[in-house]
Number of protein chains: 2
Amino acid sequence: MSEALQARVRGDTLGETPATAAGSPPVSAAVPVSRHATYPTHLDPRIEALVKDLIGRVADKWTLLLLEVLEEAGGPLRFTRLSERVEGISQKMLTQTLRQMERDGLVHRKIYPVIPPKVEYSLTPLGHSLGEAFCGVWIWAAHNLDAVEGARSAFDARETE
Amino acid sequence: MSEALQARVRGDTLGETPATAAGSPPVSAAVPVSRHATYPTHLDPRIEALVKDLIGRVADKWTLLLLEVLEEAGGPLRFTRLSERVEGISQKMLTQTLRQMERDGLVHRKIYPVIPPKVEYSLTPLGHSLGEAFCGVWIWAAHNLDAVEGARSAFDARETE
DNA sequence: CTGCATCCTAGTCGATACTG
DNA sequence: CAGTATCGACTAGGATGCAG
């Protein structure tokens, strides 16, 4: 899923996109979920590719969960607190995901040079805005859970017959 | 990101994922209602889990791409057309993703009993609505590409120093 | 044309052990 | 406490070959 990303990270020339919104106002969020049949990304196939890539990365399971936990917490959380709240995550994945999110500018990592170590993680404005953007999907999911469950049952029944 | 899904589809027991199994009515556990107040899903931790799961599945790379291609096409597309438009997808993944989406009620599969075979795929209203929900994320991604790129460069530079 | 079955590999995740 | 390092299990996903 991340070939393109990898390429970009490595420095390959894949078009440095100057931008989608160079001069536009920063991250206004309010989940626009618009109505049109066509997508808002017909700008440039290159940008589209990057966007897809970005989405793919950001739509990772743990990223999503961490995003929500941090959003929910409303403030900084320490490593251990996070691992407690995100049930089922291994500390490896926690570290890894946090690093990625930090790299992508979604979370801020504050280190207190004390013993024992203390590190606090919090959402950056960017991270927060992403959380809001996902709100639409979140709502969709909550709203259409039954529909999906139903479709699935129907499908499985059809298969089994 | 979709291990859990795969597992469930296969019928494995991979502890963790709550019983979402297709036919069985949701297990109503007497779980304390959660405490947060910021997200739109503070309905029930159970639902939250399902929603997370659902999102995890639906946020898959190929699903996203197919969703967009179908959305963009505005009408039914044949298997081969799809494979042409979603660059880089193997036929295995195409079939697999399509099946999953069909199972989840996102796409409709119309088979013409002719020779050679002809099958058309189109978005169901549910699938279309999901596309719209993702619109917010899509916009966020397009809008914040540079921010993320920047954050990443900065991060990498910091690491390298 | 559509799509299932098979094989095979690269990457991913989890558990464990160790350190500043 | 907050990680890093390592190893092993698992599997997503590409390539091929075949069938309806």
Side-chain angles (χ1 to χ4, degrees), chain A residues 1-7 9-10 52-53 56-57 59-66 76-103 107-122 155 159, chain B residues 1-17 56-66 76-103 107-122 159:
Chain A
M1 160 238 281
S2 39
E3 325 74 18
L5 156 66
Q6 301 295 353
V9 170
R10 272 196 313 276
K52 283 168 186 168
D53 186 64
R57 201 151 354 122
D60 160 73
K61 178 189 179 185
W62 298 125
T63 302
L64 243 29
L65 297 187
L66 282 176
L77 283 179
R78 298 185 59 170
F79 190 84
T80 308
R81 296 287 149 274
L82 281 171
S83 68
E84 287 166 3
R85 299 210 187 186
V86 181
E87 193 181 3
I89 195 171
S90 66
Q91 124 285 54
K92 178 186 180 180
M93 282 292 80
L94 182 53
T95 303
Q96 201 172 106
T97 307
L98 282 173
R99 281 294 178 292
Q100 263 180 39
M101 293 177 76
E102 188 194 356
R103 190 172 114 96
V107 302
H108 175 65
R109 179 158 170 260
K110 181 166 190 180
I111 308 169
Y112 296 83
V114 298
I115 298 177
K118 174 177 176 180
V119 181
E120 281 185 347
Y121 294 91
S122 55
F155 184 88
E159 295 298 277
Chain B
M1 145 213 307
S2 41
E3 334 72 24
L5 154 65
Q6 300 294 354
R8 213 162 78 239
V9 169
R10 270 199 314 280
D12 293 17
T13 34
L14 179 80
E16 252 320 73
T17 18
R57 196 142 2 117
V58 126
D60 161 73
K61 179 189 180 187
W62 299 125
T63 303
L64 243 30
L65 297 187
L66 283 176
L77 283 178
R78 297 186 60 171
F79 190 84
T80 307
R81 295 288 147 273
L82 281 171
S83 68
E84 285 166 4
R85 299 212 187 186
V86 181
E87 193 180 4
I89 194 172
S90 66
Q91 151 271 54
K92 178 187 179 179
M93 283 294 96
L94 181 54
T95 304
Q96 202 172 104
T97 307
L98 244 18
R99 281 295 177 290
Q100 264 178 36
M101 293 178 75
E102 188 194 355
R103 191 173 112 97
V107 302
H108 176 65
R109 179 160 171 259
K110 182 166 189 181
I111 309 168
Y112 295 83
V114 297
I115 297 178
K118 175 178 176 180
V119 181
E120 281 185 347
Y121 294 90
S122 55
E159 296 296 277

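Every chain is numbered from 1 and lettered A, B, ... according to where its sequence line falls, protein lines coming before strand lines. Note that the structure is a prediction, hence the values are computed from the model and not measured.
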Working to the nearest 0.5 angstrom, can you tell me the gap between [X] [atom1] and [Y] [atom2]?
{"X": "A/Met101", "Y": "A/Thr97", "atom1": "CE", "atom2": "OG1", "value": "8.0 Å"}
{"X": "A/Tyr121", "Y": "A/Arg78", "atom1": "OH", "atom2": "CZ", "value": "11.0 Å"}
{"X": "B/Met93", "Y": "B/Leu98", "atom1": "CE", "atom2": "CG", "value": "11.5 Å"}

From [atom1] of [X] over to [atom2] of [N], roughly how many Å is that when rounded to an integer?
{"X": "B/Ile89", "N": "D/dG14", "atom1": "CD1", "atom2": "P", "result": "8 Å"}
{"X": "B/Glu120", "N": "C/dG3", "atom1": "CD", "atom2": "C1'", "result": "17 Å"}
{"X": "B/Glu84", "N": "C/dC1", "atom1": "CD", "atom2": "C1'", "result": "12 Å"}
{"X": "B/Glu87", "N": "D/dG14", "atom1": "CD", "atom2": "C1'", "result": "16 Å"}
{"X": "B/Arg109", "N": "C/dC1", "atom1": "CZ", "atom2": "P", "result": "16 Å"}
{"X": "B/Leu82", "N": "C/dC1", "atom1": "CG", "atom2": "P", "result": "14 Å"}
{"X": "A/Tyr112", "N": "D/dG3", "atom1": "OH", "atom2": "P", "result": "13 Å"}

Should [X] and [Y] count as side-chain neighbours, where that means a heavy-atom distance under 4.5 Å?
{"X": "A/Leu94", "Y": "A/Leu82", "result": "yes"}
{"X": "B/Thr95", "Y": "B/Phe79", "result": "yes"}
{"X": "B/Arg99", "Y": "B/Gln96", "result": "no"}

Legend entry - Nearest-nucleotide comparison on DNA chain D, the residue closer to the 5′ end among B/Gly88 and A/Pro116: A/Pro116
Using only side-chain N and O atoms of [X], determine if any of them is under 4.0 Å from OP1 or OP2 of [N].
{"X": "A/Arg81", "N": "D/dA2", "value": "no"}
{"X": "B/Ser90", "N": "D/dA15", "value": "no"}
{"X": "A/Arg78", "N": "D/dC1", "value": "no"}

Inset, instruction - For A/Arg81, enumerate each residue passing the salt bridge (charged side-chain N to carboxylate O under 4.0 Å, His left out) test, keeping only those at least two apart in sequence or located in another chain. - result: A/Glu84
Inset, instruction - Between D/dA2, C/dA17, D/dT16, spot the one nearest the side chain of B/Gln91, thanks. - result: D/dT16
Inset, instruction - Assign A/Tyr121 to base, sugar-phosphate, or nothing according to its heavy-atom contacts below 4.0 angstrom with the strands shown. - result: sugar-phosphate
Inset, instruction - Identify, residue by residue, the members of residues 92-101 of chain A with a heavy atom below 4.0 Å from DNA chain C, and return them in order of residue number, or none. - result: A/Lys92, A/Met93, A/Gln96
